[in-house]
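Lettering of chains follows the sequences in order, A, B, ..., and the numbering in each one begins at 1.
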Number of protein chains: 2
Amino acid sequence: MAEKKRKPRTKKPPRMDIRTVAAQAKVSIATVSRTINHIPSVDPAMAKRVWKAIEELNYVPNTQARALVSGRSHILGLIVSEITNPFFPELIQQFEECAVARGYEILITSTSYDPKRMASCVRRMVERKVDGVAVLTFGIEEPLLEQLSNQKIPLVYVDSRPHQPAAVTLNVDYQHGIWQGVQHLAVLGHRKIAFLSGPLHLYTSQLRYFAFIDCLKEIGIQCNPAWLIQGDHTLEGGMRKMEQLLQLDDQPTAILCSNDMSAIGVMHAILGAGLRIPDDFSVVGFDDVHIAEFMFPPLTTIRMSCRDLALGAVTVLCSKLKNTESATPANALTIPTELIVRRTTGIPKDTIQNLKPLSDRSKSERKVP
Amino acid sequence: MAEKKRKPRTKKPPRMDIRTVAAQAKVSIATVSRTINHIPSVDPAMAKRVWKAIEELNYVPNTQARALVSGRSHILGLIVSEITNPFFPELIQQFEECAVARGYEILITSTSYDPKRMASCVRRMVERKVDGVAVLTFGIEEPLLEQLSNQKIPLVYVDSRPHQPAAVTLNVDYQHGIWQGVQHLAVLGHRKIAFLSGPLHLYTSQLRYFAFIDCLKEIGIQCNPAWLIQGDHTLEGGMRKMEQLLQLDDQPTAILCSNDMSAIGVMHAILGAGLRIPDDFSVVGFDDVHIAEFMFPPLTTIRMSCRDLALGAVTVLCSKLKNTESATPANALTIPTELIVRRTTGIPKDTIQNLKPLSDRSKSERKVP
DNA sequence: CTGAAAGCGCTAACAA
DNA sequence: TTGTTAGCGCTTTCAG
């Protein structure tokens with residue numbers, strides 16, 4: 001027997017790797033690699049041979065090996081609050097589309113508002129070595145964001161509190177949206193407006209909450225503290241809180257909810273109590289999820305463009321990944337909001353119609369039955 | 001200058017890899033590897049040192065390297081139809097939970113019923129070298145499934161047509177669910193029942209369609225072909241088709257929809273036409289998505305447990321991954337369905353109440369207003 | 001039971 | 001421009 005110090009790792013199955021392609025195309029593996037990565041310096045004739053071989057062999061580059069050696073996984077992480085809240089699937093869809101178009105894979109995780117799960121989300125991002133993370137949640141524990149930025153992972157998040165230097169913030173223009181909603185109700189004649197917030201320990205909930213308070217002040221409407229209710233962004237929460245609100249002696253005539261799911265729960269409670277919408281009670285949502293339009297009556301709501309949000313997040317992330325710490329892009333981006341008037345808002349009953357004509361309604365969406 | 005044939009790859013940053021851990025714990029890298037992988041033969045004292053070092057250094061193993069050398073990515077692929085149909089997020093949530101609990105990451109992609117996107121889904125799965133794929137969609141192009149099984153990727157899918165030998169099929173018990181729905185309506189006194197199917201080129205839609213037809217036959221109810229409508233699983237589709245149905249001279253008194261989104265669209269059309277539910281028209285959905293309960297009135301529907309589906313899929317996949325072609329698990333699994341009676345179904349108007357007492361209603365969920 | 005060393009498939013120096 | 005080759009960080013023989 002000749003020389004055979006040690007049996008090399010058995011490799012029976014005829015490997016299908018870059019070498020096979022190189023052999024088939026009669027070039028070196030480096031050339032194959034360059035061709036695949038569209039390095040311009042490759043001779044067109046050679047490139048053609050390589051592509052032909054790839055085609056014939058049905059070769060797919062090994063992403064793991066690529067990631068290992070290049071240090072870039074080509075995965076973008078996306079952390080959301082709760083995938084079962086319809087707003088997030090819509091966001092995810094947009095995010096995926098943008099990311100895939102740019103050649104990235106997506107790792108989606110959800111926090112479910114649970115600190116333990118948040119930690120798990122971050123851990124999974126780090127383990128899989130994502131190239132960047134978008135944290136598009138209603139709030140997250142700050143230390144976790146730090147963990148991410150300590151790992152030097154590019155970060156984008158929605159208006160979380162203190163601005164981390166390495167991260168870009170996406171600011172939703174709650175102020176404007178809430179203002180439009182309140183204004184809309186006020187113009188209709190509502191003076192007794194309730195607000196159903198999200199959990200107030202979350203910064204984004206606070207933003208909406210204070211936006212509401214400020215609007216009321218600005219308009220000069222008295223605010224009954226009993227009408228400032230803290231919800232939890234869920235259907236159940238909205239329903240339960242509204243049921244409680246309906247027990248009050250002094251009832252508001254309208255309610256603005258800080259997301260559509262609560263608003264739908266609220267509608268359920270109102271209708272369940274035998275009241276009519278909008279005749280007895282007006283309801284305004286926030287998000288404009290797709291199903292909002294299919295409620296009965298269709299939900300008037302404040303649209304926050306998840307397309308803008310997703311596109312913004314991906315764009316920022318990608319530009320961070322390209323810029324080798326050169327031209328730092330803006331470290332904040334504003335996401336606009338827009339009032340979509342449908343049919344859950346109307347003139348409060350027992351109102352003398354001496355108010356402004358409802359000219360602003362015609363501007364927005366309004367379905368004719 | 002001593003010997004330096006070629007500048008080795010520059011490595012300024014003090015690497016944080018298995019070697020660092022090994023050095024810190026004063027063991028070999030092999031021992032660190034074994035410790036991490038919980039190989040029982042490691043000396044407990046050593047293992048303890050290793051874990052301590054890992055802790056101190058905040059070491060996270062490199063998943064890519066692991067995958068590269070072991071050939072297992074520890075990623076499970078999940079292909080769904082459309083992430084914006086609420087049924088899928090619920091499914092995804094369950095799937096994720098199961099998979100993560102077993103130490104797998106998830107790669108989610110959605111087909112949007114578009115052949116091009118389906119192909120992209122499959123390509124992405126192959127590129128990322130997922131260890132297994134669950135195709136939980138309403139139909140997919142057969143060649144794509146073949147592509148997956150050609151790559152020897154373990155596969156699970158919902159009742160698609162020809163049984164691929166390498167794949168496991170999850171069969172939803174549509175027959176039973178539809179039967180319960182029709183039976184429920186019949187017991188209430190409905191004899192003119194419409195059916196809103198999914199796109200009939202999809203096998204799963206056909207299953208539900210034929211189940212409906214069979215039930216009607218079995219019960220002995222005449223079936224007006226004009227009441228057999230083909231929808232597309234969407235809110236818009238449901239609404240539009242229902243609007244058309246309402247133009248008919250001969251109207252049914254109830255409609256069974258093959259998913260909840262269509263049913264909600266249908267409800268919208270009915271209520272929009274000024275009719276009442278269930279007084280003028282009864283509606284039954286399919287899926288029991290979370291929001292179904294919060295419609296007004298709450299939607300009577302046929303529940304298909306997405307928990308069972310997800311759990312089944314993950315379990316099958318994982319067992320396939322363990323069994324090195326030994327004990328092949330069952331190649332089919334049945335997912336049960338269950339009628340959930342809420343408030344969109346009632347006695348058709350103008351019906352003489354000479355029917356069976358509605359004893360079956362009390363068994364199921366029913367909210368008291 | 002532990003350690004040394006051979007690669008996994010690829011990219012990126014560097015040499016030609 | 002193309003080819004040669006040294007690793008990326010890890011698992012896994014195989015020898016001790």
Q. Could you state the interatomic distance from SG (A/C306) to CD1 (A/I335), rounded to the nearest 0.5 Å?
A. 10.5 Å

Q | Side-chain N or O of A/R66 closer than 4.0 Å to phosphate OP1/OP2 of C/dT11 | A | yes

Q | Closest nucleotide among C/dG3, D/dT11, C/dG9 to the B/T31 side chain | A | C/dG3

Q. Is it true that A/R117 and B/E96 have a side-chain N and a carboxylate O under 4.0 angstrom from each other?
A. yes

**Q.** Nearest-neighbour nucleotide for the B/A30 side chain, D/dT4, C/dG9, C/dA4 considered
**A.** C/dA4

Q | Closest nucleotide among D/dT11, C/dC10, C/dC8 to the A/N62 side chain | A | C/dC10

**Q.** Between D/dT11 (P) and B/R19 (CZ): distance, integer Å
**A.** 12 Å

Q | Strand contacts (DNA chain C) in residues 36-53 of chain B, 4.0 angstrom heavy-atom criterion | A | B/S41, B/V42, B/D43, B/M46

(Q) In whole Å, I'd like the distance from the CG atom of A/L57 to the C1' atom of C/dG9. (A) 15 Å

Q: Report the residues that fulfil side chain to side chain contact (heavy atoms under 4.5 Å, CB included) with A/S120, sequence neighbours left out, ordered by chain and then residue number.
A: A/R123, A/R124

Q. Rounding to a whole Å, what distance do you find between A/L68:CG and D/dC10:C1'?
A. 8 Å

Q: Find the distance B/I29:CD1 to C/dA4:P and express it as a whole number of Å.
A: 9 Å

Name the atoms and distances for all side-chain donor-acceptor pairs under 3.5 Å in residues 88-95 of chain B, with sequence neighbours left out.
| residue | atom | partner | partner atom | Å |
| --- | --- | --- | --- | --- |
| B/E90 | OE2 | B/H290 | N | 2.8 |
| B/Q94 | OE1 | B/R307 | NE | 3.1 |

Q) Rounding to a whole Å, what distance do you find between B/R34:CZ and D/dG9:P? A) 21 Å

Q. Are any of the side-chain nitrogens in B/D114 or B/K116 under 4.0 Å away from the carboxylate oxygens of its partner?
A. no

(Q) Among C/dA12, C/dA4, D/dC10, which nucleotide has an atom closest to any side-chain atom of B/S28? (A) C/dA4

**Q.** Listed nucleotide nearest any side-chain atom of A/I18, set D/dC10, C/dC10, D/dG3
**A.** C/dC10

(Q) For a 4.5 angstrom cut-off between non-hydrogen side-chain atoms, does B/I79 reach B/T111? (A) yes

Q: Looking at every strand, decide which applies to B/S33 at a 4.0 Å heavy-atom threshold: base, sugar-phosphate, or nothing.
A: base

Q. B/K129 has an atom NZ; how far is it from atom P of D/dC10, in whole Å?
A. 20 Å

Q. Is it true that a side-chain atom of A/S73 and a backbone atom of A/I75 form a donor plus acceptor pair closer than 3.5 Å?
A. yes

Q: May I have the distance from A/K26 (atom NZ) to D/dT2 (atom P), rounded to whole angstrom?
A: 17 Å

